[in-house]
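Read the numbers this way: they start at 1 and go in the same order the structure lists the ligands and their atoms.
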Amino acid sequence: MKEFQSKSPGKLILSGEHAVVYGMPAISMAINKFVTATVVQDTNAKPNFDKLIQFTVNNFADRFDVSIDSLNIKIDSTIPIGCGMGSSAAVALSIIGALAEYYEIKLTEDEYFDLAQMSEKIQHGRPSGVDAYTCLHGGSVYFQKGKIKPCQINSKLPMFIVNTGKPSVSTGECVAEVGRKFSDSKIWYEFAEVTNALVNILATDDVSELKKIIRANHRLLIEIGVVPHKIQEFIAAIEQTNAAAKICGAGSIVGDNAGVVLIVSDEMAVIKNICAHYNFDLVPIQIETRGLRVV
Ligand code: MEV
């Protein structure tokens with residue numbers, strides 16, 4: 001039986017999470033972790049999909065007037081779910097890509113983006129679009145209100161990530177809670193300043209300025225209440241070593257886990273010890289230049 005497969009990378013937000021929901025800029029990059037969707041004809045299929053998959057499939061069927069009754073859809077993922085790495089956008093995009101292949105429908109990039117955004121809305125209410133855009137196109141981008149500028153990142157910058165575990169609330173709940181307290185706040189302009197400072201530094205080798213910006217970003221994220229206490233403690237320990245760190249994504253308004261944390265440090269061994277103390281695995285950031293593709 002012929003299989004139709006499509007694969008989307010995940011993403012990381014280096015700066016501007018939450019602020020991007022209020023029209024401020026964000027810098028994001030696709031990473032070398034992937035969701036692959038496989039569509040195969042199966043007349044006995046009685047699929048029982050989760051909400052995101054079911055919506056994405058039904059929405060595609062409605063938009064293009066096709067029947068999905070005899071299809072089986074399989075999802076394989078190396079992106080941890082709900083940890084700020086764009087898993088929902090990548091799931092939606094990979095399914096849309098595989099269905100488009102199966103039905104031989106040529107979608108424009110705007111159509112891919114719109115359909116993925118509709119799925120993201122099911123998952124988390126008012127998505128800015130930065131996740132869907134980054135996973136669809138790959139590479140690194142400066143994103144603001146759906147408009148994009150290129151963003152160069154010096155691959156030699158000593159940037160690492162750790163996954164601190166899946167937050168106990170969803171991105172949607174986190175965005176909603178931040179909105180209740182800060183939707184009219186001027187703090188978003190401070191986030192924008194930090195993001196605009198970062199875009200100029202990422203192409204350079206100025207690690208000390210990079211650390212300053214990441215620390216400022218971390219303080220703003222604490223102020224909007226999305227950095228759990230345990231993660232604040234962890235980042236304080238990182239900062240003691242002259243390094244810098246911040247959450248990378250929605251973070252969390254309760255519990256201990258905050259998904260992915262970005263670390264900038266030229267003292268890998270010291271950082272590794274702190275991460276080991278918290279049981280976190282330290283991995284270098286690896287950018288993925290390609291976005292959604294057929295496999
Ligand atoms: C989620 O990856 C990032 C947030 O800024 C939400 C969004 O942009 O839709 C928290």
Side-chain angles (χ1 to χ4, degrees), residues 8-31 33 35 52 77 79-93 113-137 140-148 151 161 163-183 185 187-192 194-195 198 217-218 220-228 231 246-254 257-262 285 288 291:
S8 166
K11 70 93 200 27
L12 285 179
I13 297 182
L14 300 185
S15 183
E17 49 275 274
H18 289 286
V20 67
V21 175
Y22 302 94
M24 299 299 161
I27 300 168
S28 67
M29 59 183 257
I31 51 168
K33 298 221 173 287
V35 174
L52 173 67
S77 178
I79 307 175
I81 293 170
C83 292
M85 295 193 209
S87 59
S88 58
V91 165
L93 281 167
F113 180 77
D114 288 348
L115 288 168
Q117 270 296 87
M118 289 168 90
S119 296
E120 284 272 86
K121 278 190 188 134
I122 291 296
Q123 200 70 358
H124 62 86
R126 53 183 296 188
S128 63
V130 68
D131 290 18
Y133 187 92
T134 311
C135 297
L136 176 59
H137 293 278
S140 53
V141 291
Y142 175 98
F143 176 101
Q144 186 168 23
K145 293 186 194 163
K147 297 222 163 46
I148 309 303
C151 173
I161 50 172
N163 184 359
T164 68
K166 188 178 173 188
S168 40
V169 286
S170 67
T171 295
E173 287 166 289
C174 224
V175 168
E177 178 62 13
V178 170
R180 275 190 280 279
K181 293 186 182 145
F182 293 94
S183 62
S185 170
I187 198 166
W188 305 123
Y189 295 100
E190 293 180 55
F191 274 99
V194 164
T195 300
L198 186 65
N217 202 335
H218 172 55
L220 290 173
L221 289 161
I222 291 178
E223 237 177 289
I224 61 166
V226 296
V227 190
I231 303 304
K246 65 173 275 285
I247 60 151
C248 239
S252 187
I253 46 173
V254 291
N257 302 346
V260 181
V261 167
L262 168 73
I285 280 191
E288 173 62 37

Can you tell which part of E120 has a heavy atom less than 4.0 Å from ligand 1: side chain, backbone, both or neither?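 Neither; nothing of E120 gets under 4.0 Å from ligand 1.
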M85 side, atom CE; D131 side, atom CG - distance, nearest 0.5 Å: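 Going from the CE atom of M85 to the CG atom of D131 covers 12.5 Å.
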To the nearest 0.5 angstrom, please state how far the NE2 atom of H124 sits from the CD atom of E173.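 Rounded to the nearest 0.5 Å, the NE2-CD separation comes out at 12.0 Å.
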Looking at [X] and [Y], would you say the former's side chain and the latter's main chain have a donor-acceptor pair under 3.5 Å?
X    : Y    : result
N257 : G259 : no
Q144 : V20  : no
H18  : V175 : no

Atoms of ligand 1, numbered as shown, that sit under 4.0 Å from any heavy atom of [X]:
X    : value
E17  : 5 (O)
V130 : 8 (O)
H124 : 9 (O)
V20  : 5 (O), 8 (O)
K11  : 2 (O)
A250 : 10 (C)

Option set A89, S128, A26, criterion heavy-atom distance to atom 7 (C) of ligand 1, minimum: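 Nearest option to atom 7 (C) of ligand 1, by heavy atoms: S128.
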Looking only at distances, can you tell me whether any N or O atom of H18, backbone or side chain, sits closer than 3.5 Å to an N or O atom of ligand 1?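 Indeed, backbone or side chain, H18 has an N or O that close.
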May I ask you to check if ligand 1 and R126 share an N or O to N or O distance below 3.5 Å?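 N/O-N/O distance under 3.5 Å: no.
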Sub-4.5 Å side-chain heavy-atom contact between M29 and I285: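 They are in side-chain contact.
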How about I148: does its CD1 atom have over 12 heavy atoms from other parts shown lying under 6.0 Å from it?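 Atom CD1 in I148 is packed in, count exceeds 12.
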Can you tell me which residue and heavy atom of the protein come closest to atom 3 (C) of ligand 1, and the distance to 0.1 Å?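 Of every protein heavy atom, I13 CD1, 3.5 Å lies nearest to atom 3 (C) of ligand 1.
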Taking the inter-plane angle between the rings of Y133 and F143 on a 0 to 90° scale, is it parallel (under 30°), tilted (30 to 60°) or perpendicular (over 60°)?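 Y133 and F143: tilted rings.
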